[in-house]
Visitor: 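Would you mind keeping the following structure in view while I ask a few things?
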Amino acid sequence: MFRRVGLQHCGYNLHMPKLVILDANSLLYRGFFAMRYLSTSDRTPTNAVFAFVMMLLTILEREKPDAIFAAFDHPTPTFRHKELASYKAQRKPIPDDLKPQRQPARDAAAAFNVPVIEVEGVEADDAVGTLAEIAKNEGFEVLIVTGDGDALQLVDDEQGPVKVMMMVKGVTDTVIYDEKAVRDRYGLDPSQIPDLKGIKGDASDNLPGVPGIGEKGASKLLGQYKTLEELIYHVDELPVKQRDALIAHTDGALLCKRLATILRDVPLGDIDLNDNYQETGPDFAAVRALFEKLEFHTLLRRLPGLEAAQRAKGGAAPPAALTTPVTRSQIEHSVPTNAAAIDAMLARFTAANAPVGIQLHFTPAKATLMDASLKGVGLAIDGAGAYVDWSNVSPALKAYLEDASKPKTVHDLKFAAGVLGRNGVELRGVTFDTHVAAYLLNAGRAGYPLRELAADFAGTELLFDEDDPESSVADEAAAIAALREPLMARLESDGLAQLLFDIELPLAVVLARIERTGVTVDGDILKEASKRLAELMAGLEAEIYAIAGEEFAIGSTKKLQEILFDKLKLPAGKKNKTGYSTGAEVLDDLAAKGHEIASKIVAWRELSKLKSTYADALPALINPETGKVHTSLNQTATSTGRLSSSNPNLQNIPIRTEVGREIRKAFIASPGCVLVSADYSQIELRLFAHMTHDPGLVQAFAADDDIHSRTARLIFKIPEGQPVTSDQRRQAKTINFAVIYGASAFRVSAELGVSQAVASELIKTYLASYPGVREYLEKILDDARAKGFVHTMLGRRRYVPEVNSTNYQFRQAAEREAANMPVQGTSADIIKLAMLKVDKALTDQKLAAKMVLQVHDELLFECPESEVRTLAALVKEGMESAFPLDVPLRVEAKSGRNWWEVTPLEDLDEVEFSPQS
DNA sequence: GCAGTCACG
DNA sequence: ACGTACGTGACTGCC
């Protein structure tokens with residue numbers, strides 16, 4: 001009944017120090033092609049050095065080496081040049097854009113305190129081979145990081161071990177080779193790699209090898225004859241074709257082998273292998289300066305995490321990697337297949353009363369909670385795991401998953417709750433989510449894959465083996481269980497635990513339900529709209545072609561540039577990387593000058609956008625089973641704490657223009673139901689009032705004044721009793737938002753169509769009128785500069801390291817982000833609280849109403865017609881009381897048969913619904 | 001896979 | 001003198 005899967009040896013001795021050797025040359029070369037186009041704002045190419053640094057960071061985070069070196073080619077001739085004049089002459093030259101990236105790569109290594117090996121007359125791969133040889137004899141476990149397959153000859157399980165991490169595609173997508181992996185891939189021992197290369201040749205080096213014998217044939221021959229030399233000796237035993245080919249190319253093959261053979265005894269000078277990298281760590285100031293120079297913004301955001309980890313090691317503590325080595329996480333696990341065995345497993349797991357790591361096994365790999373097909377479930381506690389195929393899941397296991405008193409940890413609760421929900425199991429008792437926890441710790445990361453978290457926070461290397469999903473899923477469950485404590489410790493020390501437990505965790509379950517509920521979209525309405533849009537576009541196209549004097553792809557900005565600025569010689573405005581901009585701003589300008597083609601293109605663009613993004617795309621996303629559209633509400637996507645929506649994005653359905661707004665007619669309620677929408681009125685400005693404590697702002701909201709009119713009175717100095725014109729109000733509104741976004745006078749002047757001097761004066765008057773605002777902004781920035789992060793009222797963080805940048809532009813951008821995040825983020829916190837409160841109230845009051853969407857400051861519901869006013873009153877109350885402030889929060893509720901026609905509901909304060917609070 | 005554009009709060 | 005608002009996601013064209 002229990003199938004034991006023994007503890008697999010992965011060849012790592014836990015007490016062995018670990019050495020990483022980067023073949024910088026090959027990494028730069030591969031990185032150059034893996035990642036095209038990247039450059040700084042002055043067009044200095046940085047793609048290869050970016051890839052190199054990405055790899056370096058990833059290695060440092062994941063592998064935590066005790067020692068690390070980077071080997072570069074020395075620019076003088078090497079034995080290989082002397083060996084064969086035609087060798088490097090024939091070789092494709094180093095791309096022009098790659099050469100100037102070598103020095104920055106050396107600088108990067110230096111900034112990270114990674115010693116550079118660069119010896120005259122020695123190529124990088126020979127330095128790597130020699131260093132690996134020395135290190136393995138010194139008792140190091142060696143990992144060679146490269147993009148060059150030749151390095152596989154250095155792999156050695158016996159002594160060392162020596163492994164090779166190979167770039168496969170992209171930058172951080174890598175495969176680690178041990179001897180078995182080399183054999184699986186090539187059918188050969190590592191030592192035979194040069195022989196293989198000799199026969200196969202190397203196209204990029206212009207070495208033909210033996211034409212007519214490919215990789216397969218070569219591998220087969222070497223399996224039999226072991227070496228190229230032996231094969232040549234027995235050449236007469238080969239089939240005629242192969243024999244003739246080999247005889248003709250004997251010299252070339254031997255030469256090619258020799259060139260592919262990595263030397264292991266070149267002079268490297270003094271090298272200190274015992275320099276413990278974990279104690280030294282990167283020179284963060286130097287790294288930051290370099291990243292700023294190279295404009296690596298995304299990498300800059302990764303630094304705070306790395307720096308904190310480095311600090312946490314402390315000076316007195318033993319080197320972290322020696323006490324907590326990076327180890328393959330492979331646990332002993334059982335695969336119970338019947339009810340009795342599952343019961344026994346559960347008994348074992350729950351006896352300890354420790355949280356159990358739960359990981360779902362599903363296909364396809366990048367499924368959403370609506371389309372994941374559930375295959376099984378992995379469970380693990382410290383030291384023991386299990387995998388249960390979904391077809392074997394017993395009632396007891398289901399009951400366990402639904403038991404709120406049994407503590408569990410998952411990685412992505414929203415997903416797990418949604419998928420299990422679709423499979424008839426209501427997941428309860430999840431008291432930790434590693435995915436969301438990592439997001440709270442650093443919302444700036446691109447993603448939170450379990451593999452990365454395991455490496456970063458638990459020092460374990462997690463590999464998913466497609467051929468052994470049972471063991472892999474059990475390993476993942478174990479990693480999840482193991483991540484809970486270190487993540488929890490970090491959350492506690494950063495003051496983020498409450499945010500996780502009180503908001504994000506319960507919210508995940510609500511979001512899963514919203515996604516599963518879906519929104520009803522009438523595909524026929526959209527298909528009709530698409531037809532009409534096509535007709536309107538065709539009309540405009542004819543007119544545009546007539547003015548242009550030819551037909552062209554209006555959607556191509558390149559072609560459009562040619563037509564407008566070359567052919568028609570219209571005055572060009574702003575420039576961008578590819579030439580003159582054809583953006584709406586520019587076109588509106590041209591239209592204002594009387595160029596009809598511009599306004600027609602603007603109109604065409606609007607229709608084109610509506611047609612492709614909404615009218616055509618949405619019907620295709622209607623789920624055939626549910627008849628609804630199920631967006632993903634991403635919980636870990638934004639750096640401010642907001643949700644985002646994708647596949648489709650339902651948070652950007654048109655509303656601002658009449659024709660765009662028509663799309664909303666297709667968003668309807670289920671049969672017999674209506675839509676109820678409730679949105680916060682000016683929540684960000686109200687929060688701004690609360691957070692700045694500015695008496696003027698606070699009083700305005702306390703008195704329920706129109707804030708924009710009030711601002712207009714102040715900045716235009718309009719006396720009481722005299723009316724504010726609508727234009728003055730509009731301008732004041734712009735300034736109100738501008739201040740929240742930290743905008744410049746330039747932008748305000750463009751927005752308002754006034755001179756920069758006037759705009760600047762308006763902003764000045766604004767800040768003088770609301771003195772609390774300036775004080776607040778100064779305090780936020782001081783705080784950000786001191787701590788490196790800003791936070792919301794509930795403690796949610798955003799790291800903004802660039803507030804201390806010496807580069808004016810980056811610093812300014814970071815300051816705007818820092819100024820805006822507390823407002824945008826607190827607003828996000830508050831609507832999340834409101835969602836929880838309303839969701840609970842719907843359950844408690846046993847309403848049929850369902851929450852179907854969140855759009856940042858708006859919640860959308862559908863409910864039976866009879867429930868409308870009860871629901872609206874309850875939602876309004878819940879949202880307004882979600883988080884008490886010095887100023888009131890106001891919510892307007894509306895209802896309608898579709899999202900287009902929703903109209904305000906009056907006098908909801910009089911509705912009886914026994915509020916909970 | 002990037003760049004440009006544009007939909008939303 | 002510089003460059004010019006916060007946060008998202010989707011689509012088209014082009015390399």
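Chain A is the first sequence line, chain B the second, and so forth, proteins listed ahead of strands; every chain is numbered from 1.
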Visitor: Nearest whole angstrom, please: distance from the C1' of dT5(B) to the CD1 of Ile554(A).
Guide: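 The distance from CD1 of Ile554(A) to C1' of dT5(B) comes to 15 Å, rounded to the nearest Å.
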Visitor: Listed by chain and number, what are the ring pair (Phe, Tyr, Trp, His ring centres under 6.0 Å) partners of Phe565(A), not counting sequence neighbours?
Guide: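 Expected list: Tyr580(A).
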Visitor: Determine yes or no for a side-chain-to-main-chain donor-acceptor pair under 3.5 angstrom, with Ser632(A) supplying the side chain and Asn634(A) the backbone.
Guide: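 Not confirmed, Ser632(A) side chain does not pair with Asn634(A) backbone.
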Visitor: Looking across every strand, which nucleic acid part, if any, lies under 4.0 Å from Ala584(A) by heavy atom: base, sugar-phosphate, or nothing?
Guide: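 The answer is sugar-phosphate, as Ala584(A) gets under 4.0 Å only of primed atoms, P, OP1 or OP2.
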Visitor: List in numerical order all residues of residues 640-661 of chain A for which some heavy atom is under 4.0 Å away from an atom belonging to DNA chain B.
Guide: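 Arg642(A), Gln651(A), Asn652(A), Ile653(A), Pro654(A), Ile655(A), Arg656(A) - these, ordered by number, are the residues of the stretch whose heavy atoms sit under 4.0 Å from the strand.
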Visitor: For residues 634-655 of chain A, which residue pairs qualify under salt bridge (charged side-chain N to carboxylate O under 4.0 Å, His left out), counting only residues two or more places apart or in two chains?
Guide: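 Sorted result for residues 634-655 of chain A: Arg642(A)-Glu684(A).
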Visitor: Looking at residues 612-620 of chain A, who's got a heavy atom less than 4.0 Å off DNA chain C?
Guide: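 DNA chain C contact set from residues 612-620 of chain A: Ser612(A), Thr613(A), Ala617(A).
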Visitor: Which pairs, with at least one residue in residues 613-622 of chain A and sequence neighbours excluded, count as a salt bridge (charged side-chain N to carboxylate O under 4.0 Å, His left out)?
Guide: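 For residues 613-622 of chain A, and leaving out neighbouring residues, the salt bridge (charged side-chain N to carboxylate O under 4.0 Å, His left out) pairs sorted by first residue read Lys611(A)-Asp616(A).
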Visitor: As an exercise, state the distance from CG of Leu526(A) to CD of Glu662(A), rounded to the nearest 0.5 Å.
Guide: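 Atom-to-atom, Leu526(A):CG and Glu662(A):CD are 11.5 Å apart.
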Visitor: Let me know the distance between CD of Glu562(A) and P of dG13(C), rounded to the nearest Å.
Guide: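 Rounded to the whole Å, the gap is 15 Å.
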Visitor: Please identify each residue that fulfils side chain to side chain donor-acceptor pair (under 3.5 Å) with Asn820(A), with sequence neighbours left out.
Guide: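 Expected list: Gln824(A).
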Visitor: How close or far is atom P of dA10(C) from atom CG of Leu621(A), stated in whole angstroms?
Guide: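 The answer, rounded to whole Å, is 9 Å.
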Visitor: What pairs with Asp782(A) under side chain to side chain donor-acceptor pair (under 3.5 Å), at least two apart in sequence or on another chain?
Guide: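 Testing Asp782(A) for side chain to side chain donor-acceptor pair (under 3.5 Å), a comparison that skips the adjacent residues, returns Arg785(A).
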Visitor: Under the rule for side-chain contact (heavy atoms from CB on, under 4.5 Å), what residues qualify as partners of Ala438(A), not counting sequence neighbours?
Guide: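 Expected list: Tyr448(A), Leu453(A).
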Visitor: Regarding Glu858(A), tell me which of base, sugar-phosphate or nothing describes its non-hydrogen contacts under 4.0 Å with the strands shown.
Guide: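 The residue Glu858(A) makes no contact with any strand.
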Visitor: Kindly point out which of dA5(C), dC14(C), dT4(C) is positioned nearest to the side chain of Tyr741(A)?
Guide: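 Among the listed nucleotides, the one closest to the side chain of Tyr741(A) is dA5(C).
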Visitor: Within this structure, what is the CG-CG distance for the pair Leu618(A) and Asp522(A), rounded to the nearest 0.5 Å?
Guide: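 Rounded to the nearest 0.5 Å, the CG-CG separation comes out at 11.5 Å.
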Visitor: OP1 or OP2 of dT4(C) versus the side-chain N and O atoms of Lys574(A): is any pair under 4.0 Å?
Guide: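 False: Lys574(A) side-chain N/O out of range (4.0 Å or more) of dT4(C) OP1/OP2.
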Visitor: Would one find a side-chain N or O of Ser556(A) under 4.0 angstrom from OP1 or OP2 of dT12(C)?
Guide: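 Checking Ser556(A) against dT12(C): no side-chain N or O falls below 4.0 Å of OP1 or OP2.
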Visitor: Can you tell me how far C1' in dT5(B) sits from the matching atom in dC2(C), rounded to whole Å?
Guide: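 Nearest-Å result for dT5(B) against dC2(C) at atom C1': 26 Å.
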Visitor: Expressed as a whole number of Å, how far does the P atom of dG9(B) sit from that of dT4(C)?
Guide: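 Approximately 25 Å lies between the P atom of dG9(B) and that of dT4(C).
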Visitor: Under 4.0 Å between any heavy atoms, over every strand shown, what does Thr557(A) touch: base, sugar-phosphate, or nothing? Just pick one.
Guide: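 Sugar-phosphate only.
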Visitor: In whole Å, what is the span from the NZ atom of Lys611(A) to the P atom of dA10(C)?
Guide: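 Between P of dA10(C) and NZ of Lys611(A): 19 Å.
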Visitor: Taking only residues two or more places apart in sequence, or in another chain, which ones meet Arg664(A) in a side chain to side chain donor-acceptor pair (under 3.5 Å)?
Guide: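 Arg664(A) satisfies side chain to side chain donor-acceptor pair (under 3.5 Å) with no other residue.
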Visitor: Taking any heavy-atom pair under 4.0 Å as a contact, classify Ser639(A): base, sugar-phosphate, or nothing.
Guide: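 Result for Ser639(A) = sugar-phosphate.
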Visitor: So what does Arg747(A) hit on the nucleic acid, given a heavy-atom distance under 4.0 Å: a base, only sugar-phosphate, or nothing?
Guide: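 Base contact.
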Visitor: Measure from CG on Leu587(A) to P on dC6(B) and round the result to the nearest Å.
Guide: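 Spelled out: CG on Leu587(A) to P on dC6(B) is 7 Å.
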Visitor: Could you state the CG-C1' distance from Asn634(A) to dG9(C), rounded to the nearest angstrom?
Guide: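 Distance, rounded to whole Å: 9 Å.
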Visitor: Send over the distance from Lys609(A) NZ to dC8(B) P, rounded to a whole Å.
Guide: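 From Lys609(A) NZ to dC8(B) P: 9 Å.
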Visitor: Hey, which sits more toward the 5' end of DNA chain C by its nearest nucleotide, Tyr808(A) or His856(A)?
Guide: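 Going by which nucleotide is closer to the 5' end, it is Tyr808(A).
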Visitor: Do the side-chain N or O atoms of Arg605(A) get closer than 4.0 angstrom to the phosphate oxygens (OP1, OP2) of dT12(C)?
Guide: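 Negative; the distance criterion is not met.
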Visitor: Glu585(A) has an atom CD; how far is it from atom P of dT5(B), in whole Å?
Guide: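 One finds 10 Å between P of dT5(B) and CD of Glu585(A), rounded.
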Visitor: Identify, with sequence neighbours excluded, every residue that meets side chain to side chain donor-acceptor pair (under 3.5 Å) alongside Arg747(A).
Guide: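 Residues passing side chain to side chain donor-acceptor pair (under 3.5 Å) with Arg747(A): Glu751(A).
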Visitor: What does the 5'-to-3' dot-bracket notation of DNA chain C look like when only Watson-Crick and G-U wobble pairs under 3.5 Å count, and pairs to other strands show as |?
Guide: .....|||||||||.
Visitor: Going by modelled atom types, is there a donor-acceptor pair between the base of dC6(C) and the side chain of Gln824(A) at under 3.5 Å?
Guide: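 Indeed there is one.
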Visitor: Whether Lys600(A) and Glu541(A) form a salt bridge (side-chain N of Lys/Arg under 4.0 Å from carboxylate O of Asp/Glu) is what I want to check.
Guide: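 No, this pair does not count.
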Visitor: Which pairs, with at least one residue in residues 732-745 of chain A and sequence neighbours excluded, count as a side chain to side chain donor-acceptor pair (under 3.5 Å)?
Guide: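 Residue pairs with at least one partner in residues 732-745 of chain A: His708(A)-Asn736(A), Thr711(A)-Asn736(A), Asn736(A)-Tyr766(A).
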